[in-house]
K.L.:
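Sharing a structure here in structure tokens format.
For ligands, and for the atoms within them, numbers begin at 1 and follow the listed sequence.
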Amino acid sequence: MFRKISTRWLVQRAGPNSNSAWLVTRSRDGTARSLSTTNQVKAESEEPLTKVEEPSQAELLREFARMPVQRIRNFSIIAHVDHGKSTLADRLLELTGAIARNGGQSQVLDSLQVERERGITVKAQTASIFHRHKGQLYLLNLIDTPGHVDFSNEVSRSLAACDGVVLLVDACHGVQAQTVANYHLAKQRQLAVVPVLNKIDIKHANPDQVCQDIKLLFGIDPAQVLRVSAKLGTGVSEVLERVIESVPPPQVERDSDFRALIFDSWFDKYRGALNLIYVLNGKLEQNQDIQSLTTKKVYPVKSISVLRPAECPVPELSAGQVGLIACNMRNSKESIVGDTLHLKNHATSAAGSYRPQQPLVFAGVFPADQSKHVALRSAIDKMILNDSAVTVKVDSSPALGQGWRLGFLGLLHMEVFCQRLEQEHGAEPIITAPSVTYRLVLSNPKMIRQQGRDTMDISNAALFPEPHSIKEYFEPLVLGTIITPTDYVGQVIGLCVERRGLQQSSVNIDETRVLMKYVLPLSEIILDFHDRLKSLSSGYASFSYEDHGYHPSNLVRLDIHLNGKPVEELCRIVHVSKATAVARQMVLKLRELIPKQMVQIAIQACVGSKVLARETIKAYRKDVTAKLYGGDVTRRMKLLKQQAEGKKKMRMFANIRVPHETFINVLKR
Ligand SMILES: Nc1nc2c(ncn2[C@@H]2O[C@H](COP(=O)(O)OP(=O)(O)OP(=O)(O)O)[C@@H](O)[C@H]2O)c(=O)[nH]1
């Protein structure tokens, strides 16, 4: 028979779609009755209930088409690494019915294999969700962003399509370096900030102290900071309420010609490049012809869909909305993140002000087998479509053949890109040692092809000119922000000094933590600075950095010779004060990494003609005297002498096999 239920039970039964408008009860006479507001739910809650139905996808998508701008909110979740952005995004998707509760799949928006394997977000992901607030249905476009500094391009790209951010801070670890960087990024774009403390369920969380830190660093009133547990779902619905109240609706025009910003794209095997767009003006319908502002090419719109987070087809997209379009674009030269789309022959001004970040670290990428050159080029092209921060230039090397020089935002970015090349496109590239871009002033400017400039930018150590032709050296610097517990300040300062850092400021956030700013050479931090910082502070210190221009320096080119032959792929540009230490470390590492071969291998690290370090890998030795049994000792000596001479010849002509991964592994300490 019928049961009496409480309002609370009813709302919970309604599950993810607690939007009361969508609850449908069936009364005693069997007629369906929909409840439109929370108040009505209360009034009707004493009624017997037999069935609760959820709105169909079709109903929601009809609402999507009718949604006025005033009821749209576009926001990103930003935070330091591991502060719980993806977990909060999961809860918001569940709460609004976009995904099933307890679906067994956590971090739905971290869909890439590399994200699941490494447990980090590397790509910002979008989802359009619906939520009922004060009786009105709202459309919320949520973007879950990565937290690591190497993927900060994803954050700036996402912010171009937003009017507000949820600034998430871990209640145990407090404000960290990337929290500060992301907060300033949002403020630069004048976005509304909804401050949220996460992980309040953890016993040793200290939300009051963290609120004080937020007040000190960002001037946010502690009373404004929401306290949630994304894991348990506590307080998550208030986040949505606050987003609707604090984030302004998009500043867009619906009564003008269509204009949209491409803020992400990726490759689909069957449909080509798919563009994620944010519509700023007018509306777009299927089969209309659109034009790119950059390339001037015209494309027919083949399909339009909205991400919930799965793709759902919709007939049109209106200003203020975010959606996915397929329009026969084929590669990264056509589908450009940051480009503006408009209707054919309705030229307009650029939408938004997004520019990809400049890469800081460069590495050569070559096919392991030259017959795979075309396949690797196509894989790189598809990957760049999905990662607009990566730059590509053609490159070649005597040992590795034709390839490319790619620019990345950091070493992790480079590793993730190469891992994705392998996992998503089956490519097996060889990656050479990463390097930063140095600037050289030459004594004879005629040597430089670019006319009218007497400086030369160089990121490939193999192309480093002879020292006598260089007048001045410059190296790139970064301004690093480090937040560390006071107990580790000594070790952190030691590390920064070792890396040629200069302290700019030091501020006590509270009694237990210090925020320090250091100017550091970029080349000193790209490889392992972050790992060292984490290990010497037991994981508590955090680090983020931004570009700080160029500074005069004193550099040398360190060559690695194997049996007297230079190996271009292993040479590096280093600061003169570090040359001997790096030389020693590289030869030792190479001795470990290069397998024993038929000939003895001499590994030398040299600057010019001066050898700074040397190690030897002994050859395999066949026992040529094994067949002798007894006999004259001179016979034995003769065989050994013949063997030694044969090896000497081999050493001169033999090609020493260096495993592909050596080029990267030699740099890891
Ligand atoms: N106890 C507790 N753990 C949480 C909470 N929210 C997230 N976590 C855990 O914190 C870890 C990191 O969560 P993620 O959601 O991956 O963090 P993220 O900020 O998305 O990480 P990146 O995208 O890699 O920067 C996971 O192990 C979560 O289970 C919470 O409210 N309470």
K.L.:
Any idea which atoms of ligand 1 are less than 4.0 Å away from a heavy-atom of Val81?
P.N.:
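Numbered from 1, ligand 1 contributes 25 (O).
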K.L.:
Under a 4.0 angstrom heavy-atom cut-off, which atoms of ligand 1 come close to Gly147?
P.N.:
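Answer for ligand 1: 25 (O).
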K.L.:
How does Asp82 reach ligand 1, by side chain, by backbone, by both or by neither, if only non-hydrogen atoms under 4.0 Å count?
P.N.:
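The answer is both, backbone and side chain.
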K.L.:
Below 4.0 Å, non-hydrogen atoms only: which portion of Thr87 touches ligand 1? Side chain, backbone, both or neither.
P.N.:
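Both parts.
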K.L.:
Looking only at side chains, do Asn141 and Gln321 share a donor and an acceptor under 3.5 Å apart?
P.N.:
no
K.L.:
Decide side-chain contact (heavy atoms from CB on, under 4.5 Å) for Ile525 and Val478; before the verdict, give the C-alpha distance in whole Å, the side-chain angles of both, and the deciding distance to 0.1 Å.
P.N.:
CA-CA 9 Å; Ile525 62 159; Val478 292; 3.6 Å; yes
K.L.:
Any chance the rings of His133 and Tyr138 have centres within less than 6.0 Å?
P.N.:
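Yes.
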K.L.:
Is the distance between the ring centroids of Phe543 and Phe529 under 6.0 Å?
P.N.:
yes
K.L.:
Mark up the atoms of ligand 1 that fall under 4.0 Å of a heavy atom belonging to Asp201, in ascending order.
P.N.:
1 (N), 2 (C), 30 (C), 31 (O), 32 (N)
K.L.:
Indicate whether any N or O donor in one side chain lies under 3.5 Å from an N or O acceptor in the other, for Gln178 and His148.
P.N.:
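Short answer, no.
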K.L.:
For Thr145 and ligand 1, does the shortest N/O to N/O distance drop below 3.5 Å?
P.N.:
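It does not: no N or O of Thr145 is found under 3.5 Å from an N or O of ligand 1.
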K.L.:
Look only at interatomic distance and state if Gly84 has a nitrogen or oxygen under 3.5 Å from any nitrogen or oxygen of ligand 1.
P.N.:
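Between Gly84 and ligand 1, an N or O pair is found under 3.5 Å apart.
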K.L.:
Which is closest to atom 10 (O) of ligand 1 by heavy-atom distance: Lys199, Glu154, His83, Lys203?
P.N.:
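Answer by nearest heavy atom: Lys199.
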K.L.:
Taking the basic N atoms (NZ, or NE/NH1/NH2) and the acidic carboxylate oxygens, is any pair closer than 4.0 Å for Glu245 and Arg242?
P.N.:
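Between Arg242 and Glu245 there is no salt bridge, as every charged N stays at least 4.0 Å from the carboxylate O atoms.
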K.L.:
Does any N or O of ligand 1 fall below 3.5 Å from an N or O anywhere on Ile200, backbone included?
P.N.:
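No, since none of the N or O atoms of Ile200 sits under 3.5 Å from an N or O of ligand 1.
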K.L.:
Using the benzene-type ring in the case of Trp, are the ring centres of Phe218 and Tyr183 under 6.0 Å apart?
P.N.:
yes
K.L.:
For the 3.5 Å polar cut-off, considering only N or O atoms, please tell me whether His148 and ligand 1 meet it.
P.N.:
no
K.L.:
Ignoring hydrogens and angles, state whether a donor on the side chain of Tyr518 or Thr481 is under 3.5 Å from an acceptor on the partner side chain.
P.N.:
no
K.L.:
Find all atoms of ligand 1 within a distance of less than 4.0 Å from any non-hydrogen atom belonging to Ile202, and give their numbers and elements.
P.N.:
1 (N)
